[in-house]
Amino acid sequence: MRAINPQASHQLFELLMYPCALIMNKLSLRTKLFCMFGTFIAAILLLGMYTIDRQSKEVNTAKAELQGVLLSRQIMDVMVQTQKHRGQINLQFFGQNMDAALAKTRSELSSGLGRLEASISKNPDFKLATAWQTTSDELRALTTGKIATSAPESFSRHSQLILQILRFSAVNNEKSGLLFDPEAPSYLLMDIALQKIPVWLEHIAVLRGIGAGYIKAGSISFPEKTTLVSRLDAAMAAMATVTETDAALGRAGEQISTEQKNAIKASEDFSLNVRNSLL
């Protein structure tokens, strides 16, 4: 490889800078100082505009995430009420009087839907109204007592609605930017709270609902036991996805909360109780 000639490089630089030097030689000292000052001020202004724009974007992002958290809580509230309604309807099909409990759950579900839909209307930038409309209409039907004619069909329909709620929650998490936080602690906590815990909650709710039905009926067939085992395994797997990030949270400087430890312990005890009581 041929070495670069320093003298030739210097001559090339002088040749390129000659027009600039010629112009500067013709300018007065006062004009030169004014140009230098103007260049400095322009640089400061550009830097200030960039900083303001960046801070404005960060503020808007924080506001969007805050609204996303509010929506997420309201979505989870609707999901929990739907899960309760599913379990209560299942017990009713098995002969238990659930009129008072169903009336309360339907009232709470209706209120939760109202709060959620109001929040969706206040955040048109997320464009969630269309995605929520079909699920909302079907949930409103539940609050008026429109249900399936059999326990299996009702349980299946409720479970499908809960799946739709979880999918809508994922859309909210995406539109509000909750899942795109660049900080490791925030990202991990959001991932657990918004994606993993709701799935875990649904598996536990399914076990509670079908288990209560079996207990009320006083019998459980072998195929039903097989299904129950699959449900238990799924619940434990969902719980494992929550705890598998504990090490990463520790490295990010976060401590596992007492509430999470208690919830894990309660779920393990519940699963053991299901195995001992029904299997």
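- Inter-residue side-chain proximity for L201 and M79 is flagged as met; some heavy-atom pair is nearer than 4.5 Å.
- Remark: I75 CD1 to N173 CG distance equals 7.0 Å, nearest 0.5 Å.
- At least one donor-acceptor pair under 3.5 Å links the side chain of T105 to the backbone N or O of A101.
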After noting the C-alpha distance and the side-chain angles of L188 and E254, does the key distance pass the side chain to side chain contact (heavy atoms under 4.5 Å, CB included) rule?
CA-CA 10 Å; L188 291 169; E254 294 290 333; over 6 Å; no
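- With contacts defined as side-chain heavy-atom distances shorter than 4.5 Å, the pair E153/S156 does not qualify.
- A continuous path of hydrophobic side-chain contacts links V274 to M239 [ILVMFWY only; heavy atoms under 4.5 Å].
- For the atom pair CD1 (I89) and CZ (R106), the distance works out to 5.0 Å, reported to the nearest 0.5 Å.
- Minimum heavy-atom separation, I204 to A235: CD1-CB, 4.3 Å.
- Note that OG1 of T143 is 12.5 Å distant from CD of E138, once rounded to the nearest 0.5 Å.
- Here the straight-line distance linking atom CG of L128 with atom CD of E174 works out to 10.0 Å at 0.5 Å rounding.
- With N90 contributing its side chain and R86 its backbone, the two residues share no donor-acceptor pair below 3.5 Å.
- Q92 and D99 form a side-chain donor-acceptor contact under 3.5 Å, judged by distance and modelled atom types alone.
- In terms of heavy-atom proximity, P185 sits nearest to A252 at CG-O, 3.5 Å.
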Starting from the C-alpha separation in whole Å, work towards a yes-or-no answer on side chain to side chain contact (heavy atoms under 4.5 Å, CB included) for I120 and F126.
CA-CA 8 Å; I120 290 173; F126 293 174; over 6 Å; no
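- Looking at F155 and V206, their side chains come closer than 4.5 Å, going by heavy atoms from C-beta outward.
- Counting heavy atoms from C-beta outward, K84 and L109 have side chains that stay 4.5 Å or more apart.
- A heavy-atom distance below 4.5 Å is not found between the side chains of Q67 and S176.
- A side-chain donor-acceptor contact under 3.5 Å links S119 and Q74.
- At a threshold of 4.0 Å, the pair D125-K175 does not count as salt-bridged, since none of the basic side-chain nitrogens sits closer than that to a carboxylate oxygen.
- When atom types are taken as modelled, the side chain of S110 and the backbone of S107 share no donor-acceptor pair closer than 3.5 angstrom.
- The two residues G177 and E65 have their closest heavy-atom pair at O-OE2, 3.4 Å.
- Y187 OH: 12 or fewer foreign heavy atoms inside a 6.0 Å radius.
- A distance-only check finds a donor-acceptor pair linking the side chain of H158 to the backbone of S154 [under 3.5 Å].
- A single hydrophobic cluster is seen to contain both L113 and I147, as judged by linkage of ILVMFWY side chains at heavy-atom distances under 4.5 Å, directly or through other members.
- Within the 4.5 Å cutoff, the side chain of T227 has no heavy atoms near those of the F222 side chain.
- Note that CG of L207 and CD of E202 are 10.0 Å apart. Values are rounded to the nearest 0.5 Å.
- Enclosure of atom CZ in R140 by more than 12 non-hydrogen atoms of other residues, nucleotides or ligands within 6.0 angstrom is indicated.
- Note: the hydrophobic cluster containing L178 does not contain L116 (ILVMFWY, side chain heavy atoms under 4.5 Å, direct or indirect links).
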Start with the C-alpha distance between R115 and S111, add both sets of side-chain angles, then the distance that settles side chain to side chain contact (heavy atoms under 4.5 Å, CB included), and finish with yes or no.
CA-CA 6 Å; R115 288 191 295 271; S111 299; 3.7 Å; yes
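- Here the closest non-hydrogen pair linking L142 and H85 is O-NE2, 3.8 Å.
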Should M190 and V69 be marked as a side chain to side chain contact (heavy atoms under 4.5 Å, CB included) after you check the CA-CA gap, both sets of side-chain angles, and the distance that decides it?
CA-CA 9 Å; M190 289 294 185; V69 169; 4.3 Å; yes
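- A 4.5 Å side-chain heavy-atom check between S277 and I215 finds every atom pair outside the cut-off.
- Hydrophobic clustering (ILVMFWY, side-chain heavy atoms < 4.5 Å, transitive): F270 and V229 are in one cluster.
- T245 contributes no side-chain N or O that, together with a main-chain N or O of A248, makes up a donor-acceptor pair within less than 3.5 Å.
- Under the 4.0 Å criterion applied to side-chain N and carboxylate O atoms, R275 and D233 are assigned as salt-bridge partners.
- The CD atom of E224 lies 9.0 Å from the CD1 atom of I210; values are rounded to the nearest 0.5 Å.
- In the hydrophobic clustering of this structure, I264 groups with I192; members are Ile, Leu, Val, Met, Phe, Trp, Tyr whose side-chain heavy atoms approach within less than 4.5 Å, directly or through other members.
- The two residues P198 and L166 have their closest heavy-atom pair at CB-CD2, 3.5 Å.
- For the pair E117 and K122, the salt-bridge criterion is not met [side-chain N within less than 4.0 Å of a carboxylate O].
- In this structure, a donor-acceptor pair under 3.5 Å is present between the side chains of S267 and W200.
- V78 has its side chain out of reach of F168: every pair of non-hydrogen atoms, C-beta onward, lies at least 4.5 Å apart.
- No more than 12 heavy atoms of other residues, nucleotides or ligands lie within 6.0 Å of CZ in R231, so this atom counts as exposed by the packing criterion.
- Proximity of a side-chain donor or acceptor of N172 to a complementary backbone N or O of G68 within less than 3.5 Å is detected.
- Comment: D269 engages K265 in a salt bridge, judged by a side-chain N to carboxylate O separation of less than 4.0 angstrom.
- The two residues L278 and G211 come nearest to each other via the heavy atoms CD1-CA, 3.8 Å.
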